[in-house]
Amino acid sequence: MTIADELQSTIVQMVQPGKGILAADESLPTIARRFAPIHTESTGENRRAYRTLLFTAPGIEDYISGVIEFEETLAQTTDEGTPLSEALARRGIVPGIKVDRGKGPLALSPGDFITYGLDGLAERLQQYKTRGTRFAKWREVYAISKHSPTAHGISASAEMLARYAAICQAHGIVPIVEPEVLMDGDHSLARCAEITETVQKEIFYALHRHHVVLEHMILKPNMVLPGSAHTVKVRAEEIAAVTLRVLKRTVPAAVPGINFLSGGLSPEDATANLNAMNTNFPHVPWQLSFSYGRALQQPVLQAWSGKPENVALAQQALLKRARLNGAAQRGKYLPSMESSD
Ligand code: 5MM
């Protein structure tokens, strides 16, 4: 099999109608923040138990085509001793991994962030592959303020994403390219649209310079939303219209899949927004789906609460959100399904 064949077969398995991606790649500080409200300590064993619960939830393979794991998870096993990645692969779910090493301030550029982790990436990918990993994810983060992100910050982050994506493809790993324009702040929908458009234009220019094959990547963007402290509530139809306007202006038709992050939206809003996009824009060239972390996991964490006796209930909560988002991918979600499901 050539590298191109390998990438193509992974894309075919990941981009399927009615299916999306589960982001379960929280780094150690992030998972500790997720566990805190349910009074669960972030020990290695608790993280293993929680991710086992997620990955073995009955029925999710009907709606989830890939799972993004954190590096630690690759070495962890189910209670029966099956490596967690293998447990996914056996059910036809593609195992992937977050390969960035987190973000920090971009030096001499106040307000801008940059993500670390390119050094040694090629060697790490080779190791991950031996454990069944077939795709990767790298996130660049953009905070909106009066003066940020700057043109320089946007350009530096695009270069990182493109270099990462090129290294992945050279090793037969499908790259998920994740530029996240944060919801934090009181900015308007129009300001988020302006920044998201600039960010994505710069990214596709950089991907072109770095010879990244667009057919063999997935874009994981934010939806275009007003800031979380903005006073005006915007309807799902408007979010869909503005998000699609930005995507049509920036994302080439060669990209097979756009899988949104949820970015702090409630599970219901994340599903409703995705549904509005697929209902109102059924003829776009890419598959519009989800790659949610919080919007899939929030009800699961609440149901689990760190207690073994709640595992089955928590798995049902995951299956419910996966099924409703699967429906939203097809434009078949109705809010009434929240209570009837
Ligand atoms: C933006 O976060 C990504 C998508 O999750 P949401 O749907 O909750 O927004 C997520 O994949 C994120 O990249 C991972 O949770 C890793 O985050 P950290 O901050 O731990 O690197």
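One-based numbering, in listed order, for ligands and for the atoms of each.
- Checked against a 6.0 Å centroid threshold, the rings of W304 and F35 count as neighbours.
- Side-chain atoms of Y164 come within 3.5 Å of backbone N or O of I176 as a donor-acceptor pair.
- Aromatic pair F260/Y292: ring centres not closer than 6.0 Å.
- Between G293 and ligand 1, at least one N/O pair is under 3.5 Å apart.
- Near A23, with a cut-off below 4.0 Å to any heavy atom, the atoms of ligand 1 are 11 (O).
- Heavy atoms of other residues, nucleotides or ligands lying less than 6.0 angstrom from OH of Y205 number 12 at most.
- Taking a cut-off of under 4.0 Å to the non-hydrogen atoms of S262, the atoms of ligand 1 that pass are 6 (P), 7 (O), 8 (O), 9 (O).
- With a heavy-atom cut-off of 4.0 Å, S27 touches ligand 1 through backbone and side chain alike.
- For ligand 1, the atoms closer than 4.0 angstrom to any heavy atom of E180 are 1 (C).
- Distances below 4.0 Å separate heavy atoms of G263 from the following atoms of ligand 1: 6 (P), 7 (O), 9 (O).
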- Test log, rule salt bridge (charged side-chain N to carboxylate O under 4.0 Å, His left out), inputs R101 and D119: CA-CA 10 Å; R101 301 283 204 198; D119 287 352; over 6 Å; no
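- Proximity of R139 to ligand 1, defined as any heavy-atom pair under 4.0 Å, is confined to the side chain (atoms from C-beta onward).
- Shown in contact with Y292 at under 4.0 Å from a heavy atom are these atoms of ligand 1, numbered in order with element: 7 (O).
- Within ligand 1, counting atoms from 1 as listed, the ones closer than 4.0 Å to a heavy atom of K98 are 16 (C), 18 (P), 21 (O).
- Near R294, meaning under 4.0 Å from any of its heavy atoms, are these atoms of ligand 1: 6 (P), 7 (O), 8 (O), 9 (O).
- The T30 neighbourhood of ligand 1 comprises atoms 18 (P), 19 (O), 20 (O), with distances under 4.0 Å to a heavy atom of that residue.
- More than 12 heavy atoms of other shown residues, nucleotides or ligands fall within 6.0 angstrom of atom CZ in R48.
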